[in-house]
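Quick notes on the structure that follows.
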Amino acid sequence: MSTIRLSAAEIAEKLAAGEVSSAEVTQDHLDRIAAVDGDVNAFLALDGEGALETARDVDARRAAGETLHPLAGVPIAVKDVVATEGIVTTAGSRILEGWVPPYDAFLTRRLRAAGLPILGKTNMDEFAMGSSTEHSAYGPTHNPWDLDRIPGGSGGGSAAAVGAYEAPLAIGTDTGGSIRQPAAVTGTVGVKPTYGGVSRYGLIALASSLDQAGPVTRSVLDAALLHELIGGHDPLDSTSIDAPVPPVVEAARRADVSGLRIGIVRELGGEGYQAGVRARFDEAVTLLTKAGAEIVEVSCPSFEYALSTYYLILPAEASSNLAKFDAMRYGLRVGPHGVADPSAEQVMAATREAGFGDEVKRRIIIGTYALSSGYYDAYYGSAQKVRTLIAQDFARAFEQVDVLISPTSPTTAFRLGSKLDDPMSMYLQDVATIPANLAGIPGLSLPVGVAEEDGLPVGLQVLAPAMADDRLYNVGAALERLLLEQWGAPLLSKAPELATKEATK
Ligand code: GLN
């Protein structure tokens, strides 16, 4: 029987008990990818050979009696923004087409050292800019719940891979919501750790003061197991926190909200949120209350400006980070058309014109403008001040409550193509997730049911103070258990079956 429907924790148990081998588990997932990824397009690159090699090595070491990491042998998918030595890494961009990193990111090293077979690299919006994966230069990923819908973004590939049972675990990155929003719209679990909780060394930077890598899974416990593995100090990242990883696994196993104070953020709900999203959120609140949590409404007035603040700070940092794609150092190089002896500047301009997509160009232009002399104080400087106000709103809220909750995303998965011509409505997808990135605090999204009107998954977001990531897992796992009792099976198992290639044969 195939192992694809098992959680990572269940696979780990079976591996430890010798009931299955990592080679079998890895092959099961490669078979699933072969069967469904033609439709889903979650992967940009596959490394079946490499994954099986790791799997066989882990199996041999286990047979020899070696003590292994609990997740050793459990396959994983990695977002294409993470450097993987020997595996093409493009960040979803034409400008990096065919680029093979000469080194591993910190978290790739961690995964390899712990013996997790890396199945491949997942699709994403170009340089992680977007909420639908439609800005990928390699075609969009499709939502496994409905192939005509977006899987969220920028990490739609990681969320869809996990949601379509192509991988039990995946790595995402979240600069404004790119782990949590895709998790919400695909019925999966996604966590953005505290800023600095997971090293950024070897991530292709979008906005360095906001970027954070984290787990994408089908259960809260699985996310905790992966978080524990990839978290911790790294001297190669100057913003990496030099402190132990919060006790996330312990918290996921505790799953007890009795006596906990949970705040509902007034500004992250209500008008602008789909009716079915609000209904599922309200039900979850009732469950938490019944389980003994104290629910309080809190107000964070500066959140009104979070989106505007983010869309100044992010483009500013991105325009500077993306300056390195100059046709000289990495990837694509094209000569300007019809110029016989082009200057370096002409080659750079022609390459950036050909290699970057529209959304990337739009943000480089905005960022460059916001940072230009004469405008710097008015735009970038003001945005930084508002960022502080947002962090202060959180600090005040966390004086009253242990965690905050909100819907993760204002809507369920929208139709592919429906927001492509309207950047503003795309940006609004992240209205509830962005404040956490601006303040550097951790956030988790978990599925809380499907919306009445369209039958698509709804996510609930839990937020905690910096370095209190364990609280996310405690609340998330408690809610997950309460919902499981209600539904009788995980939400994802209610997703419509993907027609696999075997089935259509
Ligand atoms: N959708 C947001 C954006 O386009 C968030 C992206 C992210 O978290 N990488 O910037």
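Numbering starts at 1 and runs along the sequence shown. In each ligand, atom 1 is the first atom listed, and ligand 1 is the first ligand listed.
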Margin query: Using a 3.5 Å distance criterion without hydrogens, assess whether the side chain of Q461 forms a donor-acceptor pair with backbone atoms of A432.
Written below: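 Confirmed, Q461 side chain pairs with A432 backbone.
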Checklist line | Any donor-acceptor pair under 3.5 Å from S178 side chain to T175 backbone | finding: no
Notebook entry, point to check: Exactly which residues line ligand 1, taking a heavy atom under 4.0 Å from it as the test?
Noted result: A128, M129, G130, S131, S154, D174, T175, G176, G177, S178, L206, Y310, Y311, L314, R363, D430
Next item on the list: Quick one: sort the H227 and Y473 rings into parallel, tilted or perpendicular, breaks at 30° and 60°.
Entry: perpendicular
Item checked: Whether W99 and Y330 hold their rings parallel, tilted or perpendicular, with breakpoints at 30° and 60° -> perpendicular
Next item on the list: Determine the sole option in Y376, Y375, Y380 for which the ring-ring contact (aromatic ring centres under 6.0 Å, His included) test with Y369 is passed.
Entry: Y375
What side-chain donor-acceptor pairs closer than 3.5 Å can you find for residues 305-316, not counting sequence neighbours?
residue	atom	partner	partner atom	Å
T309	OG1	Y305	O	2.6

